[in-house]
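All figures in this text were calculated on a predicted structure; none of them were measured in a lab. One-based numbering, in listed order, for ligands and for the atoms of each.
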Amino acid sequence: MKAVSNAVDSERLWDDLMALAGFGAREDGGVCRHALSSEDIAARSWLIGKARERDYSIAADDAANLFITRAGRDNALPPVLAGSHMDSQPAGGKFDGAYGVLAAFEALRALDDAGIETARPVTCVAWTNEEGGRFHVPCTGSRAFVSGAVSDPAQTDDAGISLESALRSTLDAAPDIERIAPGFPVHAYVEPHIEQGPVLEREELPIGVVTGIQGVRWFTVRVEGEPGHAGTVPQASRKDAFQAAMRAIAALNTLMADTDDIVRFTVGHLSIEPNSPNTIPAAVRFSIDFRHPDAAVLDERGGKVADIIAEAVQPCTADTQLTTSLEPVAFPDPVTSAISQAADGAGLAHKPLASGAFHDAAHIASACPSGMIFIPCRGGLSHHPDEWAEPEACTAGARVLAGALAQLAETN
Ligand code: HGY
Ligand code: MN
Ligand code: MN
């Protein structure tokens with residue numbers, strides 16, 4: 001029986017990564033694979049087909065989270081879980097999320113090929129809608145897994161399609177896999193992911209042992225004004241929703257100013273109604289993504305957002321809704337030490353590293369001991385068509401994952 005990390009097949013993993021990147025491939029080399037879209041459904045079907053080539057059990061829950069399980073000696077024991085998400089940003093890359101799912105799937109096959117029988121089952125998972133690019137409350141799947149139900153199923157995408165109908169279409173597309181309720185006991189969770197930052201590449205390190213994830217607050221804001229003729233309504237009597245939104249965003253820039261450059265504040269989504277060059281904007285909807293490693297800063301500055309907006313938009317009005325509130329998460333020793341030991345066992349240098357990006361692991365950490373493995377990505381680039389990770393980096397991360405899973409699957 002060879003070490004499971006040596007049974008990771010680089011070529012098989014890389015071929016899978018390039019094949020998965022084909023679902024929603026963009027002409028610029030990036031990927032657009034929105035959650036529960038036809039591209040996502042096709043990718044799921046492809047992965048289910050590959051799982052069927054092996055003796056794995058396949059299941060999906062009400063949130064369309066996809067679970068592929070390799071049996072252990074005692075299948076009554078809670079499994080060790082590993083994976084990430086297959087949905088992408090609209091102009092995303094080949095590796096964000098996809099790498100974690102396929103590295104986990106490769107780890108299952110490496111356990112097969114190494115002839116290792118684990119005490120616990122080992123399960124690969126693809127979580128639904130981590131990105132929030134289509135349905136703007138992110139981490140739908142991992143939230144449902146820890147809460148037991150899909151939150152806000154009536155929320156709609158920009159085309160007016162509801163989350164619940166998109167879930168139904170996705171689940172109906174794979175009628176013959178087992179359906180389970182969201183949430184089951186899990187022994188430990190490990191999420192491999194590209195770093196989406198520059199540290200590992202800059203320090204020429206193959207592995208990051210993630211110490212935790214900074215906190216997040218997402219808001220959606222709707223500014224209501226009054227439509228009117230662009231050529232006739234005097235400026236003094238206008239209620240221009242777009243001008244008001246710009247005032248609000250300028251005021252938020254002041255609130256979020258940080259000479260230490262630790263605060264992360266982004267307005268990434270904005271829509272104008274009726275969006276016509278010669279009609280004064282009647283309404284504007286925009287997003288707020290605010291992050292910080294300190295919960296006190298998140299509460300203090302996040303708590304002022306709605307009032308600052310209401311003041312700045314006058315004489316328009318605004319409705320500000322907090323849609324995501326994620327506290328900073330620290331990953332505990334059992335998992336981080338299993339990852340470090342697996343890296344040592346594979347002869348791979350590593351360092352502890354915090355995550356600026358959020359991940360499904362931030363939610364799963366409330367249900368079981370969790371951790372993450374980072375691999376370097378070119379220039380730290382992500383949420384970009386040019387996102388790239390070298391084959392050797394992908395293999396290294398999968399080798400560490402396989403070793404960590406083999407160890408965790410034997411622990412009580
Ligand atoms: O936005 C994030 O942090 C994650 O990459 N979806
Ligand atoms: Mn991701
Ligand atoms: Mn992402």
Side-chain angles (χ1 to χ4, degrees), residues 17 20-21 24 26 30-35 37 40 43 65-66 82-104 124-143 189-198 200 208 210 212-220 262-269 287-293 298 323-329 353-365 370-378 380-389 393-394 397 401:
L17 280 163
L20 180 51
R26 291 164 46 102
V31 172
C32 177
R33 191 170 52 242
H34 277 302
S37 63
D40 187 19
N65 295 315
L66 184 59
S84 190
H85 58 95
M86 293 204 290
D87 64 300
S88 79
Q89 286 286 319
K94 295 183 172 71
F95 300 89
D96 178 357
Y99 171 67
V101 174
L102 293 178
C124 162
V125 60
W127 301 111
T128 297
N129 189 40
E130 186 274 346
E131 293 288 4
R134 176 184 178 192
F135 296 104
H136 293 174
V137 179
C139 298
T140 301
S142 49
R143 272 172 209 268
Y189 174 67
V190 186
E191 181 164 356
H193 207 286
I194 52 170
E195 179 196 340
Q196 297 175 307
L200 293 177
V210 185
I213 300 176
Q214 67 177 341
V216 184
R217 299 285 186 272
W218 273 22
F219 300 83
T220 53
I262 295 174
V263 164
R264 296 289 177 267
F265 169 66
T266 311
V267 175
H269 181 274
S287 63
I288 293 171
D289 178 326
F290 166 39
R291 309 192 194 197
H292 199 278
L298 288 164
T323 59
T324 293
S325 185
L326 204 52
E327 297 315 308
V329 168
L353 200 51
S355 176
F358 64 70
H359 303 279
D360 292 303
H363 293 281
I364 304 304
S370 299
M372 293 187 72
I373 300 167
F374 273 173
I375 64 168
C377 56
R378 188 169 57 199
L381 204 55
S382 184
H383 287 197
H384 190 291
D386 294 345
E387 177 188 279
W388 184 260
C394 294
L401 176 68

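Because the distance cut-off is set at 2.8 Å, H193 qualifies as a neighbour of the Mn ion (ligand 2) through one of its N, O or S atoms.
Protein heavy atom at the shortest distance from atom 3 (O) of ligand 1 is R291 NH1, 2.6 Å.
The closest approach of H85 to the Mn ion (ligand 2), by N/O/S atoms, is made by NE2. The N, O or S atom of H383 lying closest to the Mn ion (ligand 3) is NE2. The nearest N/O/S atom of E131 to the Mn ion (ligand 3) is OE2. When you scan the N, O or S atoms of D96 for the one nearest the Mn ion (ligand 3), you land on OD2.
An N or O contact shorter than 3.5 Å links F358 to ligand 1 by distance. At least one N or O atom of E131, backbone or side chain, sits closer than 3.5 Å to an N or O atom of ligand 1.
In the vicinity of Q196, heavy-atom distances shorter than 4.0 Å reach the ligand 1 atoms 5 (O). Interface of E130 with ligand 1, defined as ligand atoms under 4.0 Å from a residue heavy atom, comprises 4 (C), 6 (N).
For the atom pair H193 NE2 and I375 CD1, the distance stands at 9.5 Å (nearest 0.5 Å).
Residue Q214 does not touch ligand 1, judged by heavy-atom distances below 4.0 Å. The proximity of H383 to ligand 1, defined as any non-hydrogen pair under 4.0 Å, is limited to the side chain.
In summary, E130 and R143 do not engage in a salt bridge, as defined by a charged side-chain N under 4.0 Å from a carboxylate O.
In this structure, S142 contributes its side chain and I364 its backbone to no donor-acceptor pair below 3.5 Å. A donor-acceptor pair is defined here as one N or O able to donate and one able to accept, closer than 3.5 Å; no such pair exists between the side chain of D40 and the backbone of R33.
With P192 as the fixed residue, the side-chain contact (heavy atoms from CB on, under 4.5 Å) test singles out one of L401, V210, L102: L401.
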